[in-house]
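Okay, structure first, notes after.
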2 protein chains.
Amino acid sequence: MSKIQHRNLYREVADRIRDLIEHGDLLPGERISEKHLCETFGVSRTPLREALKVLSSEGLVELLPNRGARVVQLTLKMVKDTYDLMGALEGLSGELACQEISDAEIERICELHEQMLSHYHKRELTPYFEVNKQIHERILMASKNEILQEMYSNLSQRVKRVRYSKKMTDSFWRQAVEDHENMVAALKKRDGKLLGQILRDHLCNKLEVASLSGVIEDEGKPMRMASS
Amino acid sequence: MSKIQHRNLYREVADRIRDLIEHGDLLPGERISEKHLCETFGVSRTPLREALKVLSSEGLVELLPNRGARVVQLTLKMVKDTYDLMGALEGLSGELACQEISDAEIERICELHEQMLSHYHKRELTPYFEVNKQIHERILMASKNEILQEMYSNLSQRVKRVRYSKKMTDSFWRQAVEDHENMVAALKKRDGKLLGQILRDHLCNKLEVASLSGVIEDEGKPMRMASS
DNA sequence: AAAAGGTATTATGAATTCAAAATTCTCACA
DNA sequence: TGTGAGAATTTTGAATTCATAATACCTTTT
């Protein structure tokens, strides 16, 4: 692990800690040793502690007065709440996108949609998810609402480290693709209300939450994390 | 200005700075002098700087590398974006509330609604707004989604310091009350979809943004703030 | 008088130091 | 062997110090 560049130190440190959390190198519940992290990054406690404050207000770590910091332990409830929020934000992004998006960008999304369909028909799961993600990202960008984008990526970051088995049953998958067909249609018509509605109800989120049930230790109790 | 209590210093400092910003004692664009604030609060630079980091990730101040901090200067676009987001979050709160709320709490909201109607009929603007706010807050609480509540209050904080004249024309006001009638009806029926829809479209937000046009210096340019 | 260049001052970024709280360890005693 | 009081150690919270970047000031030159 290479030493950190000395520019905007606290921000770099925050980025690195985010990575550690996302990749499961820092486990939830586990106490974060300032000293240890300082040595790993080769920085003093000042920027490290500043980074922890930021991460705390991002909801990634929690600070216990006089007792240091720890990675937030997600519960099923918290993940559900987060996905509900992300759904609402995606809905808004759809509404706004219809007002703001350019014809060229609609065209680009249609192309991606075709690609996605192709992956669907060939049953190529990973590329399907990749293109799927890009479509959602492009709609989010098209909303031209930066605060929305920031909030969405913050929420996304919070739940990134949860690994669940995406049990893509055939009927689920068909439904998802159908949703996307409707999305593209709504986008072409620039029907914001409709696109928003579809995105809010898009089963992608619901599916993910549903599949969580299998990975959960116990309702209201901490969740199992990915170990990498 | 009394000295600060020495417990969770950075948090206290952040609270105090939030107040200063909200009340217009720290003006947008103006550089925040660390030294000055340290003296006012009677703390060292360490907790102050930690507080600034937090406020920065809350979107209240911006940090310029090697050039200190300043209060974020809101533009009309930023305020619009924020209100769009708040609308979406209120919509979600409505959907969730219908699933989670207790009959007693519905009853309580109905009472508040009656109060609000009474203020409306007597044309008591300030009490009307007060009760109105309480109703929205209670629906937000009823969603039982803490992250949603946090995000909403963060967004709310960002635009709090903008003072605009609420030009409550008669037709606007009547429409708002009608919206509330529909909201209460949807809540009683526990029709989440409907309540969400109403809240998203509720003209309260739109109205507020609309009235901003009068207070704005220039599109895309910084906004005039309240001076207190 | 205005502009340019260079020095002095100030403010910020980060490391270090100091104080206080929490944790661990030791050892007496049941 | 287990338990608890108290000392020693570690860790955190906050102030201070040090280094560097930005700003202000002052001189010099045209």
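In this text, all values refer to a predicted model and were calculated from it rather than measured experimentally. Every chain is numbered from 1 and lettered A, B, ... according to where its sequence line falls, protein lines coming before strand lines.
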Please set out all donor-acceptor pairs under 3.5 angstrom arising from side-chain atoms of residues 58-72 of chain A, sequence neighbours excluded.
{"unit_1": "A:E58", "atom_1": "OE1", "unit_2": "A:R18", "atom_2": "NE", "d": "2.9"}
{"unit_1": "A:E58", "atom_1": "OE1", "unit_2": "A:R18", "atom_2": "NH2", "d": "3.3"}
{"unit_1": "A:E58", "atom_1": "OE2", "unit_2": "A:R18", "atom_2": "NH2", "d": "2.9"}

In whole angstroms, how far is the [atom2] atom of [N] from the [atom1] atom of [X]?
| X | N | atom1 | atom2 | answer |
| --- | --- | --- | --- | --- |
| A:R49 | C:dG13 | CZ | P | 18 Å |
| A:L9 | C:dT12 | CG | P | 18 Å |
| A:R11 | C:dG13 | CZ | P | 11 Å |
| A:N8 | C:dT12 | CG | C1' | 12 Å |
| A:E34 | C:dA21 | CD | P | 17 Å |
| B:L48 | D:dG13 | CG | P | 17 Å |
| B:Y10 | D:dA14 | OH | P | 10 Å |
| B:E50 | C:dA14 | CD | P | 13 Å |

Any salt bridge between [X] and [Y], counting N to O under 4.0 Å?
| X | Y | value |
| --- | --- | --- |
| B:D103 | B:R190 | yes |
| A:R49 | A:E34 | yes |
| B:R161 | B:E22 | no |
| B:D15 | B:R11 | no |

Nucleotide by nucleotide, nucleotides 17-22 of chain D touches protein heavy atoms under 4.0 Å in the pattern (B base, S sugar-phosphate only, - none) B---SS

Measure up the A:H136 and A:H202 rings against each other and bin them: parallel (under 30°), tilted (30 to 60°), perpendicular (over 60°). parallel

Ignoring hydrogens and angles, does a donor from either the side chain of B:S44 or the base of D:dA14 sit under 3.5 Å from an acceptor on the other? no

Among D:dG13, D:dA15, C:dA15, which nucleotide has an atom closest to any side-chain atom of B:T46? D:dA15

Which residues satisfy the salt bridge (charged side-chain N to carboxylate O under 4.0 Å, His left out) test with B:E105, sequence neighbours excluded? B:R138

Select base, sugar-phosphate, or nothing to describe what B:L52 touches, counting heavy atoms under 4.0 Å on all strands. nothing

